[in-house]
Amino acid sequence: MIEYHSISFVISIACSILLIIQLIYIWGIYNRMHRFCKKEEEASSEKDFPPISVILVTKDTGPVLKDNLTAILEQEYPYFEVIVVNDESAGEDEDTLKLLENEYKNLYHTFIPKTARYISRKKLGISMGIKASRYHWIVVTDPYCRPATKKWLYSLSRHFTAETEIVLGYSNFVSNHTAFARHIITDTLFQSMRYLGRALGGKAYMGTGYNMAYRKDFYELHKGFANQLNLQRGEDDLFVNAVATKKNTKVALSPDSIVRRSMPGFRHIWKNEKISYAVTGHFYRGWANWYNAIDTWSCAFFHASVIAGIIFSLIEKQWILTGCIGLCWLIRFLSSMIVFKQTANDMGEDLRYYLPVYDLLRPWFSLKGKLRYWFRTESDFIRK
């Protein structure tokens, strides 16, 4: 017999409400990548191949630059150029660029002047590359990135329609099978499910400069990064946040469109990148931050309510409520694992047992990221 005035009954109601919120996110937003991947496999190929300018900014990249840049230069695409902007790198990067220029006639490079100040050098480098580019479509990536296949540019160009201004692609790290690698790959996959899922629903709010394309005249029309010059970064997510609409933004998710990044040499590099995204997130227009916060904290409160509900229902001997609360947890767990696993398979991620661990602890990971951000000073993010 259920006691409707018991603590366990109140908690079970809260648990049910939180379950509904979570299922809306899981099946309504995070499952969009998987649904879109199936549709993209059935889509016909575009016959038009507009010329492309690929732009990247390098700084002390070392031997990684040669391998990854060669993979970009050897793309199977009829017309494209690669422009590398060197940001005061040591001699190795400059030597590598000169060597590759002798072999690949579509590679060009320039450098950021040492006197450049009062602006993020990454933004300045991309701006210089765009200004020097000859073609109408710009593809932005990073020297630590390597296309998964030789069809990368082709797969992006399939989405260059008459109304398209921006194309967002998927990127993640190359796994070295360590616990840290599984964590950051899972975290990156989840964040991609979040922002690419929103983009597929017509609500794009960010992008990453590892795998993204946009029209050159569109960039110039919106004055590029003029509204964020005082920030150290934001040349990717803040630009997309400011100009993306339901009609002008597409998402490329075929296996050929994936870009892989080198694993960070140190944990603090990845942590600083996460903090940087937390900083720029405060400048997002619209309700993106609220949507993300609702998901994170409804997840946290759901797990807390399940634990509390089971404890109180056992104390009060409300066996039916114990079963109902346990069923709520099972429904959410199976839903999240199905969606996470399917999307991971689509994106070629081998995460195995870490998915349930990450799903359980992601509110705590989010809180740790916030704490790191709160204890940083403004000078870490603002150009002087």
Side-chain angles (χ1 to χ4, degrees), residues 49-116 119-157 169 171-176 208-214 216 219 233 235-236 256-266 269-270 273:
F49 298 94
I52 292 174
S53 295
V54 181
I55 296 173
L56 57 152
V57 179
T58 184
K59 183 176 179 65
D60 300 327
T61 313
V64 173
L65 178 63
K66 182 178 180 181
D67 293 339
N68 293 344
L69 191 54
T70 299
I72 295 173
L73 289 164
E74 293 182 352
Q75 286 291 297
E76 296 177 357
Y77 196 80
Y79 307 106
F80 73 101
E81 64 178 357
V82 179
I83 301 173
V84 181
V85 182
N86 192 354
D87 181 13
E88 295 188 64
S89 297
E92 186 175 359
D93 281 14
E94 186 69 18
D95 293 342
T96 297
L97 291 170
K98 290 179 180 179
L99 181 67
L100 289 176
E101 276 183 330
N102 292 330
E103 184 176 354
Y104 299 95
K105 301 307 178 184
N106 59 337
L107 171 63
Y108 310 92
H109 90 278
T110 184
F111 63 92
I112 300 176
K114 293 183 179 180
T115 55
I119 181 176
S120 161
R121 297 181 71 85
K122 180 69 174 294
K123 293 186 181 71
L124 178 59
I126 294 175
S127 299
M128 290 175 60
I130 293 175
K131 186 174 182 180
S133 64
R134 295 183 295 169
Y135 299 136
H136 187 57
W137 273 100
I138 304 296
V139 171
V140 182
T141 188
D142 187 89
Y144 290 99
C145 293
R146 184 185 183 90
T149 74
K150 292 187 176 183
K151 296 287 187 179
W152 172 53
L153 294 179
Y154 166 76
S155 66
L156 293 179
S157 72
S171 66
N172 210 326
F173 296 94
V174 178
S175 178
N176 58 13
T208 66
Y210 303 113
N211 191 10
M212 184 167 64
Y214 44 82
K216 181 176 181 178
Y219 166 88
R233 61 166 313 281
E235 64 281 346
D236 40 26
D256 290 329
S257 68
I258 296 173
V259 163
R260 294 288 174 191
R261 287 183 269 164
S262 303
M263 190 64 61
F266 303 94
I269 296 176
W270 178 75
E273 179 179 333

Given 3.5 Å as the limit, does a donor-acceptor pair link the side chain of [X] with the main chain of [Y], or not?
| X | Y | result |
| --- | --- | --- |
| Asp93 | Asp60 | yes |
| Asp142 | Val57 | no |
| Asn211 | Ser257 | yes |

Parallel, tilted or perpendicular: which fits the ring planes of Phe49 and Tyr77, with parallel below 30° and perpendicular above 60°?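 Ring orientation, 0 to 90° scale: perpendicular.
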Which residue pairs satisfy the salt bridge (Lys or Arg N to Asp or Glu O under 4.0 Å) criterion with at least one member in residues 64-82, sequence neighbours excluded?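 Residue pairs passing salt bridge (Lys or Arg N to Asp or Glu O under 4.0 Å), neighbours aside: Glu76-Lys151, Glu81-Arg134.
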Restricting to non-hydrogen atoms, name the atom on [X] and the atom on [Y] that form the minimum distance, rounded to 0.1 Å.
| X | Y | result |
| --- | --- | --- |
| Ile52 | Ser157 | CD1-CB, 4.5 Å |
| Trp137 | Ala213 | CZ3-C, 4.2 Å |
| Ser133 | Ile83 | CA-CD1, 3.5 Å |
| Gly129 | Ile55 | C-CD1, 3.3 Å |
| Ser262 | Phe173 | O-CD2, 3.5 Å |
| Cys145 | Val259 | CB-CG1, 3.3 Å |

Does Ser127 form a side-chain hydrogen bond (donor to acceptor under 3.5 Å, both in side chains) with Tyr219? I'd like the steps, not just the answer. CA-CA 10 Å; Ser127 299; Tyr219 166 88; 3.0 Å; yes
In sequence, state the C-alpha distance, the side-chain angles, and the governing distance for Thr208 and Asp236, and then conclude on side-chain hydrogen bond (donor to acceptor under 3.5 Å, both in side chains). CA-CA 5 Å; Thr208 66; Asp236 40 26; 5.8 Å; no
Let's go through Val139 and Trp152 carefully: what are the C-alpha distance in whole Å and the side-chain angles of both, what is the deciding distance for side-chain contact (heavy atoms from CB on, under 4.5 Å) to 0.1 Å, and is it a yes or a no? CA-CA 11 Å; Val139 171; Trp152 172 53; 3.6 Å; yes
Tell me whether the count of non-hydrogen atoms from other residues, nucleotides or ligands lying under 6.0 Å of OH in Tyr135 goes above 12.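 Buried by this count: over 12 neighbours within 6.0 Å.
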